[in-house]
Q: 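Would you mind keeping the following structure in view while I ask a few things?
The chains referred to below are lettered A, B, ... by the order of the sequence lines, with proteins before strands, and numbering in each begins at 1.
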Amino acid sequence: MGRPRRYGRAVTRETTETLIIGAGPSGLAVAACLAQRGAPFTQVDAASAVGSSWRGHYDRLHLHTARAHSGLPGLPFPEHLPRYPSRDQVIAYLEAYAAHHGLQPRLGVTVRRARREADAWAVETDAGGFTARHLVVATGYNAVPRRPTFPGEASFPGRVLHSRDYRTGATFRGQRAVVVGNGNSGAEIALDLWEQGASAVTLVLGGPRYVVPREVAGVSAQQVSLAYARLPRRLADAIARRTTRLALGDLRPWGFREPEAGPITEVERHGRVALIDVGTIALIKQGRIATLPGLARFEGADVVSPDGRRVPADVVVLATGYQAGLAAFLDGADAVLDDRGYPRWHGAACPPLPGLFFAGFRNPATGALRESGLEAERIAAAIAGR
Amino acid sequence: MDLLRHWHPVCLSRELTHRPRRVWLGGVPYAVFRTDGVIGALPDACPHRGMRLSTGRVRGGQLVCPYHGWAFGPDGVGKAPGTPQMRPHTACLEAVERDGAIWMRRPGATGPFPAVGPGGFHPVSVTRHRAAAPLEATMDNFTEVEHTGAVHWMLGYAPEAAEAVQVEVTARPDAVRVYNRGPQRPLPAALRALIGLGPADDFIDDWTSYFSPVHTLFEQYWIEGGTEARRPATVRIGVVYTPVHDDVTDIYTFVHTNAEGSGPRALALRLMLRAFAEVEVRLDASLLGRLEEGRGGLEGRRLGRFDKALRLQRQRIERLYRGPA
Ligand SMILES: Cc1cc2nc3c(=O)[nH]c(=O)nc-3n(C[C@H](O)[C@H](O)[C@H](O)COP(=O)(O)OP(=O)(O)OC[C@H]3O[C@@H](n4cnc5c(N)ncnc54)[C@H](O)[C@@H]3O)c2cc1C
Ligand code: FES
Ligand SMILES: [Fe+2]
């Protein structure tokens, strides 16, 4: 695919039909779908192995979507795995997926800049440049940690880390831990810290959010979402709100707030999926994990909530989410991103920038991996023309 | 010896109703009770004049002593109705309800919680069986497959195949892992079909023992003879050994499988597993009561190739479980 040409100083420039940036699940899925259609492409990833984001995740992590609905095109998860595969099993699956489809992404290649020229994409990497007719951006919606700073943080004597750098609660045995963020990572990290013997665990809840159990009577939250997707939104919202309350009871006594909009609208408008509980809520209700409504500032060795409650802490984990960071390398990104920095087009051509495709920037309640697979099929069909 | 620094299951969730319950750990009785979704655990002797609190009742978030009506919350803080200015209190334990059992340890202890929960698998059953044997001897039974041919119906390897069973032991400072592989013992064809096995499959029993608290996590699966392909069915079992008294051990068994769905086959498989776990563990528990020697010690015993892990486990029980923190 494309013959490398050498310029003055060992800088190479290659021409390729399609360049895929990223060899996480989304990029691998697009590559597999192109390969299956016999369409030529080149794939690069900054990391030294495929599925790098999963290699960085904490040890306790399992998929919260069932493996039967999380496989990528052309290869399901092995049947002997549990319903919710572990982090290690997901990594092994991604490796097997690349091998199965004969994918050989060029690893250790970071894209610095991509811009639309005349009728092609010019992409600069730290290992030479590419000219490509199609550019598939699959760099992940969680490429860059979102890390707020708090007043007083500089003089806090304990350790503050982003959830991206958290691997296991065993590191913090016997310590007083505070976890900031009521997303899936925050709730599970709080649980992990408690299980691994932190001497006190406090979860700092952010804004309003729905909470649902991973499954009820063997039916997963994802399966429920798949069913809702077929109903009118108003009806789905009404049912979802009712069942959500039934499943875990009223959580307001512990400081949880329910969003104004229904659960389905929450996802569609604000991209906020429900917190899928894997056991944290039971510990909160039994008084084993404490909650705070928010984090206003640090004071000495304490964290202080907006209503003035203080909690002493040795370690603070910021499970405050991620950003896509697309504007950092994509010229003209403004034309294709929304105000939160996510693409406005998914799995389809972006009219303002011809030849550009985004894969894996949606996180629907029906499962991000499943969605990546669907987008990959559409992108490959659009590029290969079949 | 300080058992309370580890989490221990002390009864099943379904054994603790709205009434308090007397449980034992390391020869000491405790009263456990439920109030407003919280689990309380107190020494089972009222600090007033020593009445068993477990014979009282729960009211207004407190456990009320049946003798003079003093009442204590899960935090051990109490009140004496006849002397309101008095603030009696009793020691309290940290208690939690998880994975279908009630667990307990000393407040502020930092022992990790054992990973006996579903971990991505589908829960099948949680049971408690009592063995009239010390903790070490009980664990021995669960971590050696030589006995399975003689003792069990379905689990493990047929006596005539025992010689062919592979035993690989790996010792880590905090864990002991054993990998067993051998021919699946003959099963009725209907049962084989239910699990999804062929006539010449190998049964793999791959387990790791940990020591805070003492427990073993088993992963059991099958490999098709000839092709080496792994069969879909996987069973995951967590076993926690709770020392009730010196010579009495409670066996908590947490069974999980990856057989999912609500179809008749998955349902039948889970029901079969539940029955199987109940029967097989009961056989072990009753057998253990017939051991001759007190602690089931290994000194002076003739040990075979299946017994290699037992010594390694005992060393770790002494150091990590019974030894100083
Ligand atoms: C904690 C957590 C749990 C999740 N659990 C689930 C779940 O249970 N079910 C589900 O369906 N989804 C889940 N998701 C969502 C989603 O499936 C995963 O985030 C998935 O990894 C997304 O795949 P991706 O390929 O889009 O992005 P990533 O996996 O992030 O891959 C992007 C790749 O792009 C590379 N890259 C980035 N920038 C550059 C650059 N400039 N140059 C070159 N390479 C670059 C990175 O090295 C990386 O390898 C979870 C996400 C998180 C964070
Ligand atoms: S003995 Fe319990 S109140 Fe007197
Ligand atoms: Fe046995």
Q: When you look at CZ of B:R59, are more than 12 heavy atoms from neighbouring residues, nucleotides or ligands closer to it than 6.0 Å?
A: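 At most 12 heavy atoms, drawn from other residues, nucleotides or ligands, come within 6.0 Å of this atom.
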
Q: Would you mind reporting whether B:N258 and A:L81 have side-chain heavy atoms less than 4.5 Å apart?
A: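 Side chain of A:L81 against side chain of B:N258, heavy atoms only: no contact under 4.5 Å found.
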
Q: Could you tell me the separation between the OG1 atom of B:T257 and the CZ atom of A:R83, rounded to the nearest 0.5 Å?
A: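 CZ of A:R83 is found 11.5 Å from OG1 of B:T257.
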
Q: Within a radius of less than 6.0 Å around CZ of A:R242, do more than 12 heavy atoms belonging to other residues, nucleotides or ligands occur?
A: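 12 or below, so no.
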
Q: Considering non-hydrogen atoms only, spot the tightest contact between A:P82 and B:G120 and give its length.
A: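 That closest heavy-atom pairing would be CB-O, 3.2 Å.
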
Q: So what's closer than 4.5 Å to chain B heavy atoms on A:L191: side chain, backbone, both or neither?
A: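 Side chain only.
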
Q: How about NE2 on A:H100, more than 12 heavy atoms from neighbouring residues, nucleotides or ligands closer than 6.0 Å, or not?
A: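 For A:H100, atom NE2 is crowded (more than 12 foreign heavy atoms under 6.0 Å).
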
Q: Can you check whether A:E195 reaches B:R98 side chain to side chain, under 4.5 Å on heavy atoms?
A: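 A side-chain contact under 4.5 Å exists here.
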
Q: Mind ranking B:V96, B:V38, B:I39 by heavy-atom pairs under 4.5 Å with chain A and telling me who comes out on top?
A: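 Going by pairs under 4.5 Å, I would pick B:V96.
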
Q: Which one of A:H64, A:R173, A:R67, A:Q196 has the most heavy-atom pairs closer than 4.5 Å to chain B?
A: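 The candidate making the most pairs under 4.5 Å is A:R173.
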
Q: How long is the straight-line distance from CZ of B:R230 back to NE2 of A:H80, given to the nearest 0.5 Å?
A: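 Taking NE2 in A:H80 and CZ in B:R230, the distance rounds to 4.0 Å.
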
Q: Could you tell me which portion of B:A115 (side chain, backbone, both or neither) has an atom closer than 4.5 angstrom to a non-hydrogen atom of chain A?
A: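 Answer is neither: B:A115 stays 4.5 Å or more from chain A.
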
Q: Is a side-chain N or O of A:S199 found less than 3.5 angstrom from the main chain of B:G108, in a donor-acceptor match?
A: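 No; judged by distance alone, with no hydrogens or angles, the pair does not exist.
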
Q: Are the side chain of A:Q286 and the backbone of B:E97 linked by a donor-acceptor contact shorter than 3.5 Å?
A: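 Yes: the side chain of A:Q286 pairs with the backbone of B:E97.
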
Q: What part of A:Q89 gets within 4.5 angstrom of chain B, counting heavy atoms only: side chain, backbone, both, or neither?
A: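 It is neither, since no heavy atom gets under 4.5 Å.
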
Q: Which region of B:F121, side chain (C-beta onward) or backbone (N, CA, C, O), has a non-hydrogen atom less than 4.5 Å from a non-hydrogen atom of chain A, or is it both or neither?
A: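 Backbone plus side chain of B:F121, per the 4.5 Å heavy-atom cut-off to chain A.
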
Q: Any side-chain heavy-atom pair from A:Q175 and B:T110 closer than 4.5 angstrom?
A: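 SC-SC contact between A:Q175 and B:T110 ruled out.
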
Q: Side-chain contact test, heavy atoms from C-beta onward, threshold under 4.5 Å: evaluate it for B:F113 versus A:L283 and give yes or no.
A: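 No, their side chains stay 4.5 Å or more apart.
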
Q: Taking everything shown except A:E79 itself, do over 12 heavy atoms lie less than 6.0 Å from its CD?
A: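 It does not: A:E79 CD has 12 such atoms or fewer within range.
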
